[in-house]
Amino acid sequence: LQQDDAGADTLFRDATDAVRMAGIDISESQVRRLAHEVGRELIDERDRKVIEHRRRQLAARVVVIPDVVAVELDGGRIRTRAADSAPGVHDAQNKEDKIAALVTLSGSTFATDPQPEPPESFQCPRRVRRLVTQMKGQAGEANPQEIPDESADPQTKRGEAHAPKRWSPVRLVRTCVASLEASSSFGPMMAAEAHERRFYEAPRRAFVADGMAYNWSIHEGYFGDFEPIVDFLHVLCYVYASARAVSVDEPSAWTQYLVWLRACWQGRAGEVLSELDQWQTRLGEPPQGEAKSTEDRHEPRRLVSEARSYLRNNQKRMDYPR
């Protein structure tokens, strides 16, 4: 499977230009052929490692055992077409790609939460509005005239001299695994990469993902002793959408968002859940069945219900201070 013609042609054309700048005379068709050959070799090597790992024959490729590791997993959308077809786009489909980042880190431990308050970027209306729009599409989009605005980033407004001392871990090495395969096949690919990098021997281990069920099936099957952490950005999106759903106007929605955001950041998701339960009682249950239109998806009862489900399903993975 390949990208659509326009996107792939641009990539191959850029790659050809880059190679020619190095003084190598090569055609775009040659670059295309070599790229596919190398891609097939990488796939074969990846699949070989999965088999060797399953047979306990896969050797580690690093000497040093890392101190802190994180496995981060998420899915996206990619447009594909049938391979080995005549020119043009055939059998175009939207498919999910799965990407895992395996990261080694260096960082200290603390007796108390080193950042008890949410990052200022999560309290900047302009940034939050942009973030939610990017992650959730129009569902999170707000009228910029109705929300308190900030013309500069918080860090810039404070000034560099007053920037807080960095406490967060420093990333050392990141490798990635990506595939269009089902989660049952992707989990072993992630496990093989983690084994090669000696992640299972690290004293501090984390697994970060959103609330999709298959993510946590992979966690349970291959990374069960890694600390499970639900990606806070997804929590933020649900909190933002539900705050808007229960508020009469944008300023009050922003105020409610900040209250619920702070509670979740501080590990008090149960309090937010209790309030959302009360709001669901007042508003009523959403209509049964899948939302058919944009209006259905933005219906307040549905937004509150979705936020309740997300927080309840992931509450045990939201002990962020710890």
Side-chain angles (χ1 to χ4, degrees), residues 1-4 7-8 11 32-62 66 69-85 89-105 135 171 173-202 205-231 233-234 290 310 313-314 316-317:
L1 293 168
Q2 302 169 332
Q3 289 183 306
D4 61 82
L11 293 173
R32 183 186 296 265
R33 177 178 56 78
L34 290 170
H36 283 287
E37 287 182 4
V38 172
R40 284 189 288 270
E41 291 173 1
L42 291 173
I43 290 173
D44 291 342
E45 180 182 7
R46 178 201 67 191
D47 294 344
R48 174 184 58 79
K49 290 180 178 180
V50 170
I51 294 173
E52 290 181 357
H53 180 254
R54 185 180 297 122
R55 295 174 177 174
R56 303 183 184 276
Q57 298 172 345
L58 185 63
R61 69 170 186 260
V62 299
V69 300
V71 176
E72 304 169 351
L73 173 61
D74 203 357
R77 292 291 181 270
I78 188 170
R79 186 77 169 163
T80 67
R81 63 181 174 87
D84 302 322
S85 298
V89 177
H90 301 271
D91 193 23
Q93 300 180 50
N94 289 315
K95 292 197 173 184
E96 182 182 60
D97 59 336
K98 298 174 181 63
I99 302 175
L102 291 88
V103 187
T104 57
L105 304 153
M135 295 185 67
R171 188 177 72 197
V173 178
R174 177 182 64 187
T175 59
C176 294
V177 180
S179 178
L180 293 175
E181 298 286 342
S183 59
S184 57
S185 298
F186 193 57
M189 298 178 198
M190 294 170 58
E193 179 69 13
H195 175 84
E196 278 199 301
R197 295 187 58 197
R198 304 185 72 170
F199 272 37
Y200 295 105
E201 302 172 68
R205 304 180 292 270
F207 186 96
V208 185
D210 68 16
M212 291 292 291
Y214 76 75
N215 291 336
W216 301 106
S217 295
I218 291 176
H219 171 261
E220 182 179 354
Y222 300 96
F223 300 94
D225 57 355
F226 284 51
E227 181 70 27
I229 305 172
V230 71
D231 184 347
L233 293 183
H234 291 267
E290 184 179 354
Y310 195 88
N313 292 339
N314 294 286
K316 64 181 181 181
R317 308 176 186 121

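For the single chain, residues carry numbers from 1 onward in sequence order.
Relative orientation of the Tyr200 and Phe226 rings is perpendicular, given thresholds of 30° and 60° on the angle between their planes.
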Side-chain donor-acceptor distances from residues 40-50 under 3.5 Å, at least two apart:
residue: Arg48; atom: NH1; partner: Glu52; partner atom: OE1; Å: 3.3
residue: Arg48; atom: NH1; partner: Glu52; partner atom: OE2; Å: 3.0
residue: Lys49; atom: NZ; partner: Glu196; partner atom: OE1; Å: 3.1

List the atom pairs, with distances to 0.1 Å, where a side-chain N or O of residues 181-194 and a protein N or O form a donor-acceptor pair under 3.5 Å, not counting sequence neighbours.
residue: Glu193; atom: OE1; partner: Arg61; partner atom: NH1; Å: 3.3
residue: Glu193; atom: OE2; partner: Arg61; partner atom: NH2; Å: 2.5
residue: Glu193; atom: OE2; partner: Thr175; partner atom: OG1; Å: 2.8

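Side-chain contact between Asp74 and His234 is present, with at least one heavy-atom pair separated by less than 4.5 Å. Side-chain contact check for Arg79 versus Asn94: some heavy-atom pair is nearer than 4.5 Å. At least one side-chain heavy atom of Leu105 sits less than 4.5 Å from a side-chain heavy atom of Arg171. Here the side chains of Val62 and Thr104 are not in contact, with every heavy-atom distance at 4.5 Å or above.
Closest heavy-atom contact between Phe223 and Val71: CE2-CG2, 4.0 Å. Taking every heavy atom of both residues into account, Val230 and Trp216 meet most closely at CA-CZ2, 4.2 Å. For the pair Ala100 and Leu73, the tightest heavy-atom approach, listed with the atom from each and the gap, is CB-CD1, 4.2 Å.
For Ile99, the side chain to side chain contact (heavy atoms under 4.5 Å, CB included) partners at least two apart in sequence or on another chain are Asp97, Ala178. Evaluation of the salt bridge (Lys or Arg N to Asp or Glu O under 4.0 Å) rule for Arg205 yields Asp225 as partners, not counting sequence neighbours. Contacts of Ala59 classified as side chain to side chain contact (heavy atoms under 4.5 Å, CB included), with partners at least two apart in sequence or in another chain: none. Contacts of Arg198 classified as salt bridge (Lys or Arg N to Asp or Glu O under 4.0 Å), with partners at least two apart in sequence or in another chain: Glu201.
Around atom CD of Glu96, more than 12 heavy atoms belonging to other residues, nucleotides or ligands sit under 6.0 Å away.
Here the straight-line distance linking atom CD of Glu72 with atom CG of Leu102 works out to 8.5 Å at 0.5 Å rounding. Atom CZ of Arg81 is separated from atom CD of Gln93 by 13.0 Å, given to the nearest 0.5 angstrom. Note that the NE2 atom of His219 and the CD1 atom of Ile229 stand 9.5 Å from one another [nearest 0.5 Å]. Rounding to the nearest 0.5 Å places CG of Asp91 at 7.5 Å from OG1 of Thr80. Arg317 contributes atom CZ, which lies 10.0 Å from atom CG of Asp210 (distance to the nearest 0.5 angstrom).
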